[in-house]
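The structure appears right after this line, and notes come after that.
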Amino acid sequence: MRGWLKATIGLVVLSGLLVGADRIAVGVAEDQAADRMVSSGRMSQRPDISIEGFPFLTQALSMKLDDVRISSDGLTVGDGGRQVALRSFKARLSGVTVSDSLRSATVDSGTGSGLISYADLALLLPPASQLVTGAGKLPVGGNTRLALSYGGPGKVKAALGPIEVGEGSVHNSGSTVTADGFQLSALAGMFAGVTDQRLKPMSFTLDALPAGLKLADKDGATPLPEGLQLTFEGKGVKLLG
């Protein structure tokens with residue numbers, strides 16, 4: 001009985017040591033991966049990385065991680081000229097094949113999401129003075145931008161100060177996001193000196209998206225009450241290297 005008890009205690013201690021070593025190893029790997037994501041240019045700011053699954057060491061020996069989670073609240077995205085904040089970014093990467101020392105990594109598939117506030121979204125769109133077609137023009141300065149807000153499912157509202165301009169839809173084709181279909185309200189039309197007038201379609205193309213992902217082909221840009229949600233996806237993504 002004493003021998004059995006000693007053996008049991010020994011196994012418990014050994015298991016604890018192995019679990020501890022596994023958790024230390026995964027923590028080191030997560031820190032290294034976060035640093036490499038920034039240095040490789042795949043992320044504009046150091047993210048939080050969580051390597052899921054237990055044990056980690058068996059995954060590391062196979063050089064393939066089953067499930068990697070990435071999150072950050074300080075990333076930026078833009079159109080090459082202007083950068084805005086991407087808030088609450090989260091991504092889940094499945095089947096991450098890594099090389100020795102994390103010099104390279106590829107992802108079988110990945111999904112993610114992030115949010116651009118309406119104030120920041122307005123910065124990515126052209127100034128209001130460029131958006132009215134025809135002879136009339138809204139009486140605004142050259143750099144005045146529309147104020148945007150949620151307009152319902154798939155819709156955003158636009159205004160110039162207290163003047164409501166109209167409502168339009170948001171959609172994407174690849175990494176290009178377009179807001180269009182804005183019909184001038186009667187009051188805005190009166191100020192612009194036109195009737196039955198639509199704003200020009202407004203577009204921007206995002207570059208350097210986080211973690212090597214791209215905007216989803218369907219519903220990649222979705223208006224929500226709190227801002228424009230971007231939905232990301234990718235297959236065979238080159239994460240590092």
Side-chain angles (χ1 to χ4, degrees), residues 23-53 56 65 67-94 96 98 101-107 109-126 143 145-150 156 170 172 174-177 179 202-216 219-235 237-241:
R23 296 300 87 192
I24 291 172
V26 75
V28 171
E30 289 168 348
D31 287 341
Q32 290 180 343
D35 291 338
R36 289 283 291 122
M37 291 283 285
V38 177
S39 63
S40 68
R42 294 295 183 183
M43 303 284 279
S44 59
Q45 183 171 319
R46 192 178 190 276
D48 293 322
I49 292 183
S50 176
I51 300 173
E52 302 295 316
F56 162 73
L65 308 176
D67 185 359
V68 177
R69 312 290 176 92
I70 301 175
S71 63
S72 179
D73 205 30
L75 299 179
T76 58
V77 293
D79 60 359
R82 189 183 297 272
Q83 298 292 310
V84 298
L86 179 67
R87 308 173 193 277
S88 303
F89 174 74
K90 293 181 180 180
R92 180 175 182 176
L93 310 178
S94 300
V96 182
V98 299
S101 300
L102 287 176
R103 289 187 175 88
S104 66
T106 57
V107 179
S109 64
T111 58
S113 64
L115 194 76
I116 298 177
S117 71
Y118 286 116
D120 283 342
L121 177 61
L123 296 176
L124 294 173
L125 299 175
N143 292 321
R145 296 182 181 273
L146 295 173
L148 302 176
S149 60
Y150 181 61
V156 292
V170 178
N172 72 291
S175 294
T176 299
V177 179
M202 302 172 270
S203 298
F204 58 88
T205 300
L206 295 171
D207 62 357
L209 296 177
L213 299 172
K214 64 177 184 177
L215 285 186
D219 298 329
T222 305
L224 298 177
E226 58 270 27
L228 183 69
Q229 178 177 274
L230 301 182
T231 301
F232 305 99
E233 64 182 11
K235 292 183 181 297
V237 174
K238 190 173 184 180
L239 185 63
L240 295 174

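Predicted, not measured: the structure shown is a model, and the values here were computed from it.
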Item to check | Pairwise distance CG(Asp35) to CD(Glu30) - rounded to 0.5 angstrom | outcome: 12.0 Å
Item to check | Set of salt bridge (charged side-chain N to carboxylate O under 4.0 Å, His left out) partners for Asp120, sequence neighbours left out | outcome: Arg87
Checklist entry - What distance do Gln32 atom CD and Ser39 atom OG have between them, rounded to the nearest 0.5 Å? => result 11.0 Å
Checklist entry - Can you check side chain to side chain contact (heavy atoms under 4.5 Å, CB included) on Val84 and Val77, steps first, answer last? => result CA-CA 6 Å; Val84 298; Val77 293; 4.3 Å; yes
Item to check | Pairwise side-chain contact, Val107 with Val68, heavy-atom cut-off 4.5 Å (strictly under) | outcome: no
Next on the checklist: Under the rule for salt bridge (charged side-chain N to carboxylate O under 4.0 Å, His left out), what residues qualify as partners of Asp73, not counting sequence neighbours?
Outcome noted: none
Item to check | Nearest-0.5 Å distance that lies between atom CD in Gln229 and atom CG in Leu115 | outcome: 7.0 Å
Next on the checklist: Checking Ser71 now: which residues fulfil side-chain hydrogen bond (donor to acceptor under 3.5 Å, both in side chains) with it, not counting sequence neighbours?
Outcome noted: none
Item to check | Minimum side-chain heavy-atom gap Val38-Pro47 below 4.5 Å | outcome: yes
Next on the checklist: If the condition is side-chain hydrogen bond (donor to acceptor under 3.5 Å, both in side chains), which residues does Gln45 pass it with, not counting sequence neighbours?
Outcome noted: none
Checklist outcome for this item: Ser175 and Leu215 have their tightest heavy-atom pair at CA-CD1, 4.0 Å
Checklist entry - Quick check: does any side chain N or O of Asn172 sit under 3.5 Å from a backbone N or O of Ala216, one acting as donor and the other as acceptor? => result yes
Next on the checklist: Could you report the tightest heavy-atom contact between Ser109 and Lys235, atom names first, then the distance?
Outcome noted: CB-NZ, 4.1 Å
Checklist entry - Tell me, do Arg36 and Leu239 make a side-chain contact under 4.5 Å, heavy atoms counted? => result no
Checklist entry - If you round to the nearest 0.5 Å, how far is CG of Leu75 from OG of Ser88? => result 10.5 Å
Checklist entry - Between the main-chain N or O of Asp48 and the side-chain N or O of Arg69, is there a donor-acceptor pair closer than 3.5 Å? => result no
Item to check | Student check: side-chain heavy atoms of Val156 and Tyr150 closer than 4.5 Å | outcome: no
Going by atom type alone, with no hydrogens or angles, which donor-acceptor pairs under 3.5 Å involve a side-chain atom of residues 203-213 and a protein atom two or more places apart or on another chain?
residue	atom	partner	partner atom	Å
Ser203	OG	Thr178	OG1	2.8
Thr205	OG1	Thr176	OG1	2.7
Asp207	OD2	Gly80	N	3.3

Checklist entry - Does the side chain of Phe89 reach to within under 4.5 Å of the side chain of Ile70, using non-hydrogen atoms? => result yes
Next on the checklist: Restricting to salt bridge (charged side-chain N to carboxylate O under 4.0 Å, His left out), what partner residues turn up for Arg82, sequence neighbours left out?
Outcome noted: none
Item to check | Side chain proximity check, Leu230 to Ile116, heavy atoms < 4.5 angstrom | outcome: yes
Next on the checklist: I'd like to know whether Leu125 forms a side chain to side chain contact (heavy atoms under 4.5 Å, CB included) with Leu148, so could you lay out the CA-CA distance, the side-chain angles of the two residues, the decisive distance to 0.1 Å, and finally the verdict.
Outcome noted: CA-CA 10 Å; Leu125 299 175; Leu148 302 176; 3.7 Å; yes
Item to check | Heavy-atom closest pair, residues Ser72 and Gly74 | outcome: OG-N, 3.3 Å
Next on the checklist: I need the minimum non-hydrogen distance between Phe232 and Gly114, along with the two atoms involved.
Outcome noted: CE1-N, 3.9 Å
Checklist entry - Got a second to check how far Lys214's NZ is from Thr231's OG1, nearest 0.5 Å? => result 13.5 Å
Next on the checklist: Set out, in order, the CA-CA distance, both residues' side-chain angles and the distance that settles side chain to side chain contact (heavy atoms under 4.5 Å, CB included) for Met202 and Val170, then state yes or no.
Outcome noted: CA-CA 9 Å; Met202 302 172 270; Val170 178; over 6 Å; no
Next on the checklist: Within this structure, what is the CG-CG distance for the pair Asp67 and Leu93, rounded to the nearest 0.5 Å?
Outcome noted: 8.5 Å
